[in-house]
Structure formats: structure tokens, C-alpha cells
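For reference, positions follow the sequence shown, starting with 1.
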Amino acid sequence: MKKILLLLLFIPFFSCSDSDDSSGNNSTDGQNYKQLMRDFVVSISQNAKADNPGFIVIPQNGIELVTQNGEENGSPDSAYLNAIDGNGQEDLFYGYDTDDQATPTETNAYLRHFLDISRQAGKTILVTDYCSTPSKMTDSYNQNASAGYISYAAPERALNVIPTTDIHNENTVDITSLSLAKNFTFFANPEGFSSKAEFVSTVASTNYDAIIIDLFYDGEQLTATDVNQLKYKANGGKRLVICYMSIGEAEDYRYYWDTGWTTSPPSWLAAENPDWPGNFKVRYWDENWQQYIFGSADSYLSRIKSSGFDGVYLDIIDAFEYFENNG
């Protein structure tokens with residue numbers, strides 16, 4: 001999965017008219033890109049929960065959005081927090097600068113301040129640390145548990161393997177809500193499997209309380225039958241199946257991609273991510289981009305719901321950083 005380095009911003013902001021908090025507008029062009037992302041996430045949540053109030057929405061990274069001004073001294077943004085069920089965070093204890101290396105103390109403290117605002121609002125925090133040394137994986141689980149977070153120590157940043165180590169806090173409990181989950185796995189890239197059936201069978205044979213996976217196997221969408229098979233742990237307990245969806249970048253291997261965009265890009269398509277070829281920044285507030293994500297019968301969210309997933313894991317939330325710097 002993408003490694004997005006969070007920027008520690010210490011630039012003073014101007015105050016807004018309806019709050020003592022500053023607006024969070026740190027852009028060069030006067031646009032509030034943080035609020036635009038909040039609005040996008042809230043709209044996705046409203047669309048999903050209109051059909052299924054129990055549908056789970058978890059944004060990953062971009063944790064500054066939980067406060068009104070995007071700063072540590074900001075008040076909680078209730079509209080945003082009310083729209084989500086949890087927050088995902090990469091690299092909290094391991095992997096921020098280098099995989100399998102501890103995250104700098106000051107960065108950890110900065111992120112935890114925002115994460116705790118979400119946790120205190122009743123949201124579940126899911127941390128993905130990138131570490132492969134067994135002692136560091138154990139330390140990651142222990143530190144996250146002490147902080148009140150559930151976590152996954154991923155041995156590969158590509159999220160293409162299921163660890164052979166024992167599952168942290170393995171249990172037989174029926175997991176019917178995110179708050180009940182004691183562990184999870186993030187398995188986004190199933191390219192190592194020879195078939196969809198093998199992939200589904202392998203994931204189904206685990207005892208994780210929640211699994212985050214992609215909607216597709218080698219371009220083939222998982223069916224409701226596939227997803228239903230995954231909703232039961234090997235020990236018989238129920239679990240949650242959450243679908244990964246990038247909303248801050250367009251990916252040229254997705255079903256919605258038009259090959260003509262390479263030479264004649266739509267106005268909402270921005271620069272290619274140099275670290276992830278084939279992934280392009282998007283002006284995520286543009287309704288023409290948003291229609292690919294939700295609101296139409298063939299939108300990404302509609303497909304996720306039709307396949308029977310319990311929720312969605314939203315990635316590239318911190319795309320606001322790119323536009324704050326580049327406009």
C-alpha cells in the first residue's frame with residue numbers, strides 16, 4: 001500500500017468566522033483542501049449508510065481531519081467524526097521512515113494526539129505497522145494495545161502476504177461491529193495466488209476478526225458469494241470484511257480507467273505519483289471524479305455494496321497535502 005509521509009505543519013492559520021479554531025487552510029491558493037476532503041468522506045458515508053446504517057467507513061491516514069483546523073490545538077470536527085466508524089493509520093510505531101525501523105518519537109506523539117481524539121469520540125483505531133523482525137512485530141502489537149488501538153504488523157509494505165505467526169488476540173467471538181474487533185489483517189495484493197478461488201479459500205482459513213481486501217482479484221470483481229465465504233473465521237466465528245478503495249488517486253488498472261486519459265486527461269486528473277507509477281492525483285472535490293466513487297449504479301461504492309462487504313477502507317485521504325503545496 002502507498003506510504004504517505006505525513007507533514008508536520010507548524011504554520012499559523014487565520015481564524016474562521018464560525019469558530020475559535022483556525023480554518024485549516026494552509027494552501028497557496030486560498031482553498032481549504034482539508035475541508036474538501038472532509039466533505040468528500042462525509043458524502044461517501046451518507047450514501048453508504050442511507051442503504052445500510054451499519055455500513056462501516058474507515059478513512060486511512062490524513063488524521064489531521066479529525067480537528068476543525070487540522071492542528072493539535074483544534075476542536076474535534078464532529079461532522080467528520082460522526083460520519084466515520086474508525087480511523088486507519090500506517091507507520092505509527094514502525095515504518096514511517098524505513099520499514100522495520102521504529103517511527104521517530106516526535107512523529108508518533110504527533111499522530112497519537114489526533115488518533116486519541118478519534119478514539120475518545122468512540123471510534124476504533126486500526127494501525128498498520130510495517131515490520132518483519134519478530135521482536136519488533138511483538139513490540140508493535142504490545143504498544144498499540146497499550147494505546148487502545150487494534151493493529152496489524154505487516155511484514156511487507158506491498159501487503160501481499162499473510163503472516164505465518166500467531167494472530168494477536170485470536171478469539172472465537174462473533175464480530176458484528178468494528179468495536180468488537182481485537183485484530184485485523186490488511187491483504188490488498190493477492191497476486192501471489194493462482195486463482196480467485198485459491199485466494200478466497202486461503203483468506204477464509206484464517207481467524208482474523210476483520211480483513212481488509214481489494215474488491216478485485218486480477219481484475220475480476222469478488223462476488224457476494226465470495227465475500228460471504230470470507231465472513232466466517234476458520235473457527236466458526238463471524239467477522240467483518242472491509243473493502244479497500246482509493247479516493248485521492250485514480251489508478252490506471254481500475255475498471256473505470258479510460259485509456260484516452262493518458263493523452264487527453266479530464267480536468268480533475270492531476271500529476272502521476274512518482275512513487276507509484278499508474279497512480280494519479282485527482283481533484284477529489286470535482287463531482288466528475290466523485291461520480292466514479294459513489295452515487296451511480298456503476299460507481300466503485302455501489303460495486304462494493306453489491307458484493308456484500310461490511311464496509312469500506314478509504315485510502316489517500318491525505319491527498320489534501322499535495323494540493324496544499326501544489327494548488
Side-chain angles (χ1 to χ4, degrees), residues 2 4-49 57-90 107 110-111 113-118 120-121 123 245-250 265-271 273 279-295 301 312 314-327:
K2 302 170 176 61
I4 306 298
L5 300 182
L6 299 172
L7 304 178
L8 308 185
L9 304 175
F10 298 102
I11 302 172
F13 296 90
F14 298 102
S15 62
C16 61
S17 59
D18 59 351
S19 171
D20 291 337
D21 292 330
S22 57
S23 68
N25 180 5
N26 190 42
S27 66
T28 58
D29 59 3
Q31 186 66 269
N32 190 336
Y33 293 106
K34 289 186 180 71
Q35 188 57 49
L36 290 170
M37 180 57 81
R38 288 190 196 95
D39 293 342
F40 190 15
V41 172
V42 169
S43 294
I44 292 169
S45 176
Q46 290 174 340
N47 181 273
K49 292 176 183 289
V57 177
I58 309 168
Q60 176 177 255
N61 300 332
I63 189 60
E64 292 90 345
L65 298 186
V66 301
T67 64
Q68 292 177 13
N69 63 1
E71 292 192 88
E72 294 171 276
N73 65 358
S75 299
D77 192 295
S78 58
Y80 183 70
L81 287 166
N82 288 340
I84 65 177
D85 300 276
N87 280 103
Q89 180 62 56
E90 293 181 292
T107 303
Y110 172 81
L111 295 172
H113 178 86
F114 291 101
L115 291 168
D116 283 343
I117 290 173
S118 179
Q120 290 161 11
K123 311 306 173 182
M245 178 171 67
S246 175
I247 67 170
E249 288 184 346
S267 59
W268 48 262
L269 192 66
N273 185 335
N279 292 259
F280 295 79
K281 296 296 182 185
V282 294
R283 294 176 176 85
Y284 49 83
W285 57 93
D286 191 300
E287 63 180 14
N288 293 303
W289 163 247
Q290 293 188 3
Q291 72 176 355
Y292 291 104
I293 298 299
F294 76 97
L301 183 61
V312 67
L314 307 175
D315 199 19
I316 319 298
I317 298 299
D318 48 6
F320 58 79
E321 293 175 354
Y322 172 83
F323 290 100
E324 285 177 344
N325 293 318
N326 297 279

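Nearest heavy atoms, Ala270 versus Phe323: CB-CZ, 4.2 Å. Heavy atoms only, all atoms of each residue included: His113 and Glu72 are closest at NE2-O, 2.7 Å. The heavy-atom pair separating Asn87 from Val66 by the smallest distance is OD1-CG1, 4.0 Å. Closest of all the heavy-atom pairs between Phe114 and Gly70 is CZ-O, 3.8 Å. The heavy-atom pair separating Phe294 from Ser43 by the smallest distance is CZ-CB, 3.6 Å. Shortest non-hydrogen contact noted between Pro59 and Ile317 is CB-CG1, 3.7 Å.
With rounding to the nearest 0.5 angstrom, the CD atom of Glu90 is 4.0 Å from the CD atom of Gln60. Between the CD atom of Gln31 and the CD atom of Glu324 there is a distance of 10.5 Å, given to the nearest 0.5 Å. One finds the CD atom of Glu321 at 8.5 Å from the NZ atom of Lys281 (value rounded to the nearest 0.5 Å). Separating the OG atom in Ser75 from the CD1 atom in Ile117 is a distance of 9.0 Å, to the nearest 0.5 Å. Summarising the geometry, atom CD belonging to Glu287 is positioned 8.0 Å from atom CD belonging to Gln290; distances are rounded to the nearest 0.5 Å. Note that CG of Asn73 and CD of Gln68 are 11.0 Å apart. Values are rounded to the nearest 0.5 Å.
A heavy-atom distance below 4.5 Å is found between the side chains of Leu301 and Asn47. Put simply, the side chain of Ile63 reaches to within 4.5 Å of the side chain of Leu111, judged on heavy atoms. In this structure, the side chains of Ile247 and Val41 come closer than 4.5 Å at one or more pairs of heavy atoms.
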Applying side-chain contact (heavy atoms from CB on, under 4.5 Å) to Arg38 and Tyr80, what does each step give before you reach the verdict? CA-CA 6 Å; Arg38 288 190 196 95; Tyr80 183 70; 3.8 Å; yes
Evaluate the side-chain contact (heavy atoms from CB on, under 4.5 Å) criterion for residues Ile84 and Ser45: first the C-alpha distance (whole Å), next the side-chain angles of each, then the deciding distance (0.1 Å), finally the verdict. CA-CA 7 Å; Ile84 65 177; Ser45 176; 5.8 Å; no
For the pair Asp315 and Ser246, evaluate side-chain hydrogen bond (donor to acceptor under 3.5 Å, both in side chains) and give the outcome as yes or no after the intermediate values. CA-CA 4 Å; Asp315 199 19; Ser246 175; 5.4 Å; no
Might you work through the ring-ring contact (aromatic ring centres under 6.0 Å, His included) test for Trp285 and Phe320, ending with a clear yes or no? CA-CA 10 Å; Trp285 57 93; Phe320 58 79; over 10 Å; no
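Distance alone, capped at 3.5 Å, places no donor-acceptor pair between the Tyr322 side chain and the Gly248 backbone. Looking only at distances, no side-chain donor or acceptor of Thr67 sits under 3.5 Å from a matching main-chain atom of Gly74. Within the 3.5 Å criterion, the main-chain N or O of Glu64 finds no donor-acceptor partner in the side chain of Lys34.
Legend: residues meeting side chain to side chain contact (heavy atoms under 4.5 Å, CB included) with Asp39, ordered by chain and number and at least two apart, are Gln35. Under the side chain to side chain contact (heavy atoms under 4.5 Å, CB included) criterion, Ala250 pairs with Tyr256, Trp257, Trp268, Leu269, Val282, Trp289, not counting sequence neighbours.
A salt bridge links Asp85 with Lys49: the closest approach of a Lys/Arg side-chain nitrogen to an acidic carboxylate oxygen falls below 4.0 angstrom.
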